[in-house]
Amino acid sequence: MGQNPDHQSWVTSREIEEPTPAGALRQGLGLGLGAVAHRELLDFEPQGTKPGAGVGSRHLRALAGGRGGQHPGLTGASGGDQLPVLRFVPPSELVPAIQHQEARHPPLVCPVMPDGPSPPRVRMAPSPTGYVHLGSARTALFNLLFARHEGGCFVLRIDDTDLERNRPEYEQAIYDGFHWLGLEWDEGPDVGGPFGPYRQSERLDLYRELAARLLATGHAYRCYCTREELEAERRRAEQEHRPYRYSRRCLYRPPAGRHEFTVRFRVPEGRTAFTDLVRGKVEVDNDTVGDPVIVKANGWPVYNFSSACDDALMQITHILRGEEHIPNTPVQLMLLDALGMARPRAFCHLPVIVGKDRKKLSKRHHPEVRLGLYQELGYLPEALLNYLALLGWNPGTEQEIFSFDELVSAFDISRVQRSSAMFDWQKLDSINGHYIRRLSDAELAERLLPYLPDLPAATVRAAAPALKERLRRLGDAPGLLSYLGSPPTPPPLTPAQQEMVATAAQALATSEWTPRAIEEALNRLGRERGWSRGALFSPIRWAVAGRVSPPLHDTLALLPKQEALGRLRGALAAAQSKTRGGA
RNA sequence: GGCCCCGUCGUCUAGUGGACUAGGACGCAGCCCUCUCAAGGCUGAGAUCGCGGGUUCGAAUCCCGCCGGGGCUACCA
């Protein structure tokens, strides 16, 4: 970090006159090389290419916009049927052109924030390729906590560049899931903001321009290799026990006559290092990194490219993301450097959340990855949020229960853990139980309603107090109350127990039907007959509920009076006939 | 295989050279309370701080090596 601590170029939302992709691009570029409106640079499709020469090239050309005007930086040798080979022009030769463009389009960079560094901007950039991952929720939470703690801004961006797997409904699932958890963002596709659009699928022209720039400056090249050829290269390397890296065949000897291509970034020599807020310095030798594809054959950018560009363009200052992104970081940094864009101030790679098998939570092996599951099972969002905060972070005190505001003030990014965190249902249950017990009766009843659709609301409200200390999840309520809808099979009763049930039925018949009155009636009966509560209550419970249930007076009161008395009499009748039959 | 990250009770973790007979929480066991189940209270078991070397009067804490686990190694993100 700190390679480009260009705090001068902080841009506030008010100063941005043109919240369009092009405007944002100019500002982003302004961070580094100065604003360049390089419309002509875009046309990285060489002259003379036959139209419709493959999906990729068509797509790129279409989005590049311009008709192939002459540009000093790009020289495509024209040729008949053969696709011309692009000549890469060294950056030094481009300088006059850039200056020229600059004169026509003065930079839009707005110097603001006179004193001190600008407040941080962080982002969460999920891709709508499936249900919301628990790890995404945790990452979003840490970003949010960091932003709020530092008085910064939390951005939600949708990284939807995977055409094959994206689904619009999954984007909605992200909003729903995050809203459910109480995660709110300041800028995003649904709420807007000065750095939009916030959906990568709507920023394609930007990536195209940036890719063209990389191509023009020789930082990138077209790769015409087929997937099969690439696969063969990979296999060969494996057989020869050699670490695989792309051979750069298309950089040196591109095959002729092919039309479909990807764009690869040419990884420079040297080493790339960055500072991670919790791990310290991380450094890699660039030649352990193969030239990555940055634009797919269908013209869409690859994550590593679009994400890095957008982070810079959206002026994201701190990147908090999962540990699985550590290997991506050097590539993104090299890309930014090549583009002359500012690097983020800092990175923080959060430990992965692992399952019982110590492996990263995955769709295939861990049902607990799915955020929606927690809602279904009846976890309180505030409890899950609290638990998630503790997964990979701790305040350094013994406090474990936090409101959101408490988390915000306690959150200190340097206390993020380095080692992976194992997901633990029991700990979650315990925290959830704690939050349930803290709810008021009315609030609990309200939250319980969706989990007890078959019960009248009045019954749910009446049950809430008795349930409160017995629930670990709201979804446990139907089980605890299932006796209401299904009478137990009549239990075997000793003659003494039969007498207890019979007299209890009598006493209860004249009792008011409230927990309080029932309790008093039963206690009086026990005192009069010399029966202990344990002795008296058990047969009644078996007759009425047949299983573990709330305190007896609540168990009875939740049932309609006639139903309760009917069950008592029914159990009695069954036991008596059995006794007679057996005798 | 290569690159990178990590390594304190079963789990989440406190700990940054002496206050460590390594603390807390979840879970577990026992007891108390008690109409079942919970909740609550108390008590307890549980970690030779991955291993081996150093440095130091002294190391969980610093250094080196090893081992183990994980992540990444896609025209996924």
Side-chain angles (χ1 to χ4, degrees), chain A residues 56 125-130 133 136 159-166 223 225-227 230-231 234 237-238 240-245 260-264 276 279 282-285 288-290 292-304 306-307 321-330 349 351-352 354 356 358-360 387 390-401 417-431 433-434 437 466-472 480 519 522 526 532-538 540-542 545 547-553 555:
Chain A
S127 64
T129 54
H133 192 289
S136 300
D159 280 10
D160 54 349
T161 55
D162 186 342
L163 231 31
E164 254 93 276
R165 296 194 300 155
N166 286 335
C223 176
C225 295
T226 64
R227 289 171 194 266
L230 261 12
E231 186 49 41
R234 202 169 293 126
E238 202 170 311
E240 294 167 12
H241 301 291
R242 174 164 64 69
Y244 175 68
R245 255 165 279 124
E260 193 166 299
F261 62 89
T262 61
V263 178
R264 278 188 194 268
D276 188 290
R279 286 158 217 270
V282 179
E283 189 173 13
V284 294
D285 196 329
T288 61
V289 183
V293 169
I294 57 171
V295 179
K296 308 172 195 177
N298 65 7
W300 287 58
V302 167
Y303 158 80
N304 248 354
S306 51
S307 186
R321 65 203 337 182
E323 186 187 351
E324 65 272 22
H325 288 286
I326 291 178
N328 290 328
T329 307
H349 288 98
V352 291
V354 298
K356 271 250 173 297
R358 289 230 157 265
K359 295 218 164 45
K360 190 174 87 167
Y387 175 65
L390 263 16
L391 226 40
W393 174 83
N394 76 81
T397 66
E398 286 179 357
Q399 184 178 359
E400 290 199 312
I401 301 297
Q417 291 301 119
R418 279 179 286 269
S419 51
S420 46
M422 186 183 288
F423 181 83
D424 182 5
W425 281 108
Q426 291 183 314
K427 180 81 175 188
L428 206 213
D429 280 349
S430 134
I431 290 178
H434 178 94
R437 268 170 261 130
L467 252 25
K468 195 186 282 185
E469 299 202 327
R470 273 155 262 266
L471 291 177
R472 309 204 23 105
L480 283 166
E519 186 171 23
L522 255 21
S532 74
R533 300 219 292 179
L536 173 60
F537 289 10
S538 289
I540 300 175
R541 170 173 274 110
W542 299 135
R547 50 153 68 210
V548 168
S549 72
L552 226 215
H553 51 277
T555 298

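Here is how names work: the chains are called A, B, and so on, in the same order as the sequence lines, proteins then strands, and each is numbered from 1. Side-chain atoms are counted along with the backbone in the values below, which use heavy atoms only and exclude waters and symmetry mates.
- Counting any heavy atom pair closer than 4.0 Å across all strands shown, A:Arg165 reaches a base atom.
- No contact: A:Glu238 has no heavy atom under 4.0 Å from any strand.
- Nucleotides B:C4 and B:C64 place their P atoms 15 Å apart, quoted to the nearest Å.
- Using P as the reference atom, B:U11 and B:G69 are 15 Å apart when rounded to the nearest Å.
- Among the protein residues, A:Glu164 comes within range of no part of the nucleic acid, since none of its heavy atoms lies under 4.0 Å from any strand.
- B:G7 and B:C67 make up a base pair, with Watson-Crick or G-U wobble contacts both under 3.5 Å.
- Figure legend. B:C57 is base-paired to B:G18; pairs are counted as Watson-Crick or G-U wobble with both atom distances under 3.5 Å.
- Using C1' as the reference atom, B:G46 and B:G40 are 24 Å apart when rounded to the nearest Å.
- Nucleic acid contact class of A:Ser532 (heavy atoms, under 4.0 Å, all strands): none.
- Residue A:Arg234 is classed as a sugar-phosphate contact, given heavy-atom separations below 4.0 Å to backbone atoms only.
- For the OP1/OP2 pair of B:A39 and a distance below 4.0 Å, the side-chain nitrogens and oxygens of A:Arg472 include at least one atom meeting the criterion.
- At a threshold of 4.0 angstrom between heavy atoms, the contacts of A:Asn328 include nucleobase atoms, whether or not backbone atoms are also involved.
- Going from the C1' atom of B:U55 to that of B:C12 covers 33 Å, rounded to whole Å.
- B:G50 and B:A14 have their P atoms separated by 14 Å, with the value rounded to a whole Å.
- Distance A:Leu552 CG to B:U36 P: 10 Å, rounded to the nearest Å.
- Comparing the P positions of B:C6 and B:A47 gives an interatomic distance of 27 Å, to the nearest angstrom.
- Here A:Gly392 lies in heavy-atom contact (under 4.0 Å) with sugar-phosphate atoms only.
- Backbone-only engagement by A:Leu390 is indicated by non-hydrogen atom pairs under 4.0 Å involving sugar-phosphate atoms exclusively.
- The gap from the C1' atom of B:G17 to that of B:C49 amounts to 15 Å, rounded to the nearest Å.
- Within 4.0 Å of A:Pro550, counting heavy atoms only, lies at least one base atom of the nucleic acid.
- Closest contact between the side chain of A:Glu398 and the listed nucleotides B:A14, B:G24, B:G7 involves B:G24.
- Between A:Glu519 atom CD and B:U36 atom P there is a gap of 14 Å when expressed in whole angstrom units.
- Heavy atoms of A:His553 sit under 4.0 angstrom from at least one base atom.
- With respect to the salt-bridge test (charged N to carboxylate O, under 4.0 angstrom), the residues A:Glu400 and A:Lys427 qualify.
- Checking B:G1 for Watson-Crick or G-U wobble geometry (two distances, each under 3.5 Å) identifies B:U73 as its partner.
- If you check every strand for non-hydrogen atoms under 4.0 Å, A:Ser420 touches sugar and phosphate atoms only.
- Between B:U56 and B:C9, the two C1' atoms lie 29 Å apart (nearest whole Å).
- In this model, the phosphate group of B:G10 is not approached by any side-chain N or O of A:Lys356 to a distance below 4.0 Å at OP1 or OP2.
- Using a 4.0 Å heavy-atom distance criterion, A:Thr262 is classed as a base contact.
- Using a 4.0 Å heavy-atom criterion, one finds that A:Arg541 contacts the bases of the nucleic acid, with or without backbone contacts as well.
- In this structure, B:C42 and B:G30 make a Watson-Crick or G-U wobble pair, each of the two defining distances being under 3.5 angstrom.
- Nucleic acid contact class of A:Glu400 (heavy atoms, under 4.0 Å, all strands): base.
- By the 4.5 Å heavy-atom criterion applied to side chains, A:Tyr387 and A:Asp424 are counted as neighbours.
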